[in-house]
A.B. asks: 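This is the structure, below, for whatever I ask next.
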Amino acid sequence: NCDILEPMDKPKVTPKDFVLWFGAMAALYTGVVAFITLVFDYINHAFPNPVTDPYYYYYDPYSSSISYETASLIVLAPVFLILMRFIRRSIAADSSRNEIWVRRWALFLTLFLAGATMVIDLIVLLNTYLQGEDLTTGFLLKVLTVLLVAGLGFMHFTADLRGYWEREPARARMVNWAAGVLVLVTIIAGFFIIGTPQQMRVQKQDAIRLQDLQNIQWQVVNYWQQKEKLPTDLAELNDPITNNIIPVDPQTKTAYRYEKTGAMAFKLCATFANAGGSLSNGRSIAKIPEPMGVGPAVADNWEHEAGEVCFDRSIDPERYPPYSKIR
């Protein structure tokens with residue numbers, strides 16, 4: 001009879017239990033990934049690797065991912081803490097909630113993922129070392145970040161599985177507050193490392209200006225190769241058939257300045273909000289090659305100060321011969 005009654009004595013999982021635990025774990029896993037990725041982006045910004053990332057721009061190339069990760073943390077961290085608070089209140093009111101299968105599955109799965117992450121993290125570290133690759137500061141900081149996050153998560157949920165936080169509710173609240181403060185500090189740090197959203201918007205506008213000038217340069221060279229003369233103004237480059245429309249400044253919506261300075265020489269001008277290239281915080285900008293022609297490409301110099309800057313260009317007919325001669 002005891003065997004028959006035992007299953008009936010086990011606590012049942014209610015829809016509330018399932019939703020709370022599923023929501024809490026989803027918020028936890030997604031938030032941890034966002035947190036680690038955000039810290040990785042900070043590390044990439046502070047310690048750029050010239051080997052794996054030889055062409056990094058004067059504006060931050062990780063800003064779009066950083067904004068998404070920051071937004072994810074701002075939303076997911078409170079969601080996780082609030083859901084865990086409801087779960088702990090439910091357990092405090094009914095201790096049988098400790099034994100429901102969804103709780104034990106969630107805890108054991110989290111322990112498995114945290115443990116596996118630490119093992120993989122150490123394998124990556126040792127494999128990199130054994131292959132004789134340089135253990136850069138950025139790489140070591142990333143390894144340490146993953147190890148700390150996974151290790152702290154493993155310790156926390158091991159204690160949860162053993163009922164430590166139920167016996168020490170005050171310490172559980174301290175841990176919740178500490179986690180919230182850590183996330184908050186990490187988010188605020190981004191404003192000092194990357195800049196405010198307004199600063200990033202200005203930097204992106206400068207990046208668009210530079211890309212526009214590079215596009216116009218290509219169109220000018222292509223025009224010369226087709227007609228063996230330079231355009232007198234940018235309006236001549238517009239071609240509705242090929243859907244080629246000359247871009248304008250992203251903020252002022254005014255045309256970029258173009259001036260023909262010789263038979264095969266010209267300059268392009270734009271007004272930048274900030275200095276770019278090695279002139280800005282010692283960072284380099286991408287050296288975008290000139291349009292491909294005969295022979296190897298030549299890297300242009302796109303470094304600039306704030307304000308109106310003009311880039312002088314000249315066409316080498318041997319490197320970029322007219323299309324009639326190529327044929």
Side-chain angles (χ1 to χ4, degrees), residues 38 41-50 52-71 138 187-221 230-235 237-238 244-262 265-291 297-315:
L38 181 61
D41 285 344
Y42 291 166
I43 294 172
N44 289 335
H45 181 85
F47 302 97
N49 190 332
T52 59
D53 190 16
Y55 298 121
Y56 45 93
Y57 295 87
Y58 70 98
Y59 73 99
D60 187 72
Y62 309 100
S63 57
S64 60
S65 63
I66 286 176
S67 61
Y68 179 80
E69 293 143 12
T70 300
I187 293 172
I188 294 176
F191 295 135
F192 296 95
I193 298 173
I194 305 300
T196 64
Q198 291 77 13
Q199 291 171 329
M200 286 193 290
R201 188 177 301 111
V202 170
Q203 291 171 349
K204 287 182 178 180
Q205 289 174 346
D206 276 352
I208 293 173
R209 293 184 180 103
L210 206 57
Q211 292 169 358
D212 288 345
L213 293 183
Q214 292 163 359
N215 176 43
I216 294 172
Q217 174 182 275
W218 158 254
Q219 296 299 332
V220 171
V221 174
L230 290 175
T232 56
D233 56 50
L234 293 181
L237 299 178
N238 288 319
N244 178 48
I245 305 298
I246 298 301
V248 296
D249 187 278
Q251 182 182 18
T252 64
K253 305 303 178 183
T254 58
Y256 295 105
R257 189 157 68 88
Y258 161 83
E259 183 179 340
K260 179 181 176 182
T261 58
F266 62 95
K267 65 180 178 180
L268 296 171
C269 306
T271 302
F272 295 92
N274 298 311
S278 61
L279 302 176
S280 176
N281 300 324
R283 294 292 299 275
S284 297
I285 64 171
K287 303 299 186 185
I288 305 297
E290 289 186 11
V298 176
D300 287 337
N301 182 358
W302 294 101
E303 297 175 354
H304 61 83
E305 292 279 5
E308 186 180 41
V309 179
C310 293
F311 302 92
D312 292 305
R313 298 289 183 259
S314 60
I315 300 175

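Keep in mind the model is a prediction, meaning the values are calculated, not measured.
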A.B. asks: Is any side-chain heavy atom of His304 less than 4.5 Å from a side-chain heavy atom of Phe311?
C.D. replies: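 SC-SC contact between His304 and Phe311 confirmed.
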A.B. asks: Shortest non-hydrogen contact from Cys269 to Glu308?
C.D. replies: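 Shortest heavy-atom contact: CB-OE2, 4.1 Å.
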A.B. asks: Nearest 0.5 Å please: distance from the CD atom of Glu259 over to the CG atom of Asp312.
C.D. replies: 9.0 Å
A.B. asks: Once you round to the nearest 0.5 Å, how far does CD of Gln214 lie from CG of Leu268?
C.D. replies: 10.5 Å
A.B. asks: Looking at Trp302, does the NZ or CZ of Arg209 lie under 6.0 angstrom from its six-membered ring centre and within 45 degrees of the ring axis?
C.D. replies: no
A.B. asks: Compare every heavy atom of Ile246 with every heavy atom of Asn238, then report the nearest pair and how far apart it is.
C.D. replies: OD1-N, 2.9 Å
A.B. asks: For Lys267 and Arg313, run side-chain contact (heavy atoms from CB on, under 4.5 Å): C-alpha distance rounded to whole Å, both residues' side-chain angles, the deciding distance at 0.1 Å, then the answer.
C.D. replies: CA-CA 6 Å; Lys267 65 180 178 180; Arg313 298 289 183 259; over 6 Å; no
A.B. asks: Please answer whether the main-chain N or O of Tyr256 pairs with a side-chain N or O of Asp249 as donor and acceptor at a distance below 3.5 Å.
C.D. replies: no
A.B. asks: Between atom CD of Gln251 and atom OG1 of Thr271, what is the distance when rounded to the nearest 0.5 Å?
C.D. replies: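 With rounding to 0.5 Å, CD (Gln251) is 10.0 Å from OG1 (Thr271).
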A.B. asks: Of the non-hydrogen atoms in Leu38 and Ile66, which two are nearest, and what is the gap between them?
C.D. replies: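 Between these two residues, the closest heavy atoms are CD1-CG2, 3.8 Å.
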A.B. asks: Could you state the interatomic distance from CD (Gln203) to CZ (Arg201), rounded to the nearest 0.5 Å?
C.D. replies: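 The CZ atom of Arg201 is 11.5 Å from CD of Gln203, to the nearest 0.5 Å.
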A.B. asks: Does Ile315 reach the side chain of Leu230, with side-chain heavy atoms less than 4.5 Å apart?
C.D. replies: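 Ile315 reaches Leu230 side chain to side chain.
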A.B. asks: Taking all heavy atoms of Pro247 and all of Ile216, pick out the closest pair and write down the distance.
C.D. replies: CD-CG1, 4.1 Å
A.B. asks: Is there side-chain contact between Asn215 and Gln219, with heavy atoms separated by less than 4.5 Å?
C.D. replies: yes
A.B. asks: Are Thr232 and Lys260 packed together at the side-chain level, in the sense that at least one heavy-atom pair is separated by less than 4.5 angstrom?
C.D. replies: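 A side-chain contact is absent here, since even the closest heavy-atom pair is not under 4.5 Å.
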A.B. asks: Shortest non-hydrogen contact from Asn274 to Asp206?
C.D. replies: N-OD2, 2.9 Å
A.B. asks: Donor-acceptor check, side chain of Thr261 to backbone of Phe266, threshold 3.5 angstrom: yes or no?
C.D. replies: yes
A.B. asks: Are the side chains of Val220 and Pro231 in contact, using a 4.5 Å heavy-atom criterion?
C.D. replies: yes
A.B. asks: How far does OG1 of Thr70 sit from CD1 of Ile188, to the nearest 0.5 angstrom?
C.D. replies: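 Going from the OG1 atom of Thr70 to the CD1 atom of Ile188 covers 11.0 Å.
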A.B. asks: Give the minimum heavy-atom separation between Ala273 and Ala306, together with the two atoms involved.
C.D. replies: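 Smallest interatomic distance, heavy atoms only, reads O-CB, 3.6 Å.
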A.B. asks: Whether the side chain of Asp233 engages the backbone of Tyr258 through a donor-acceptor N/O pair (distance < 3.5 Å, no angle test) should be reported.
C.D. replies: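 Here the side-chain-to-backbone pair does not exist.
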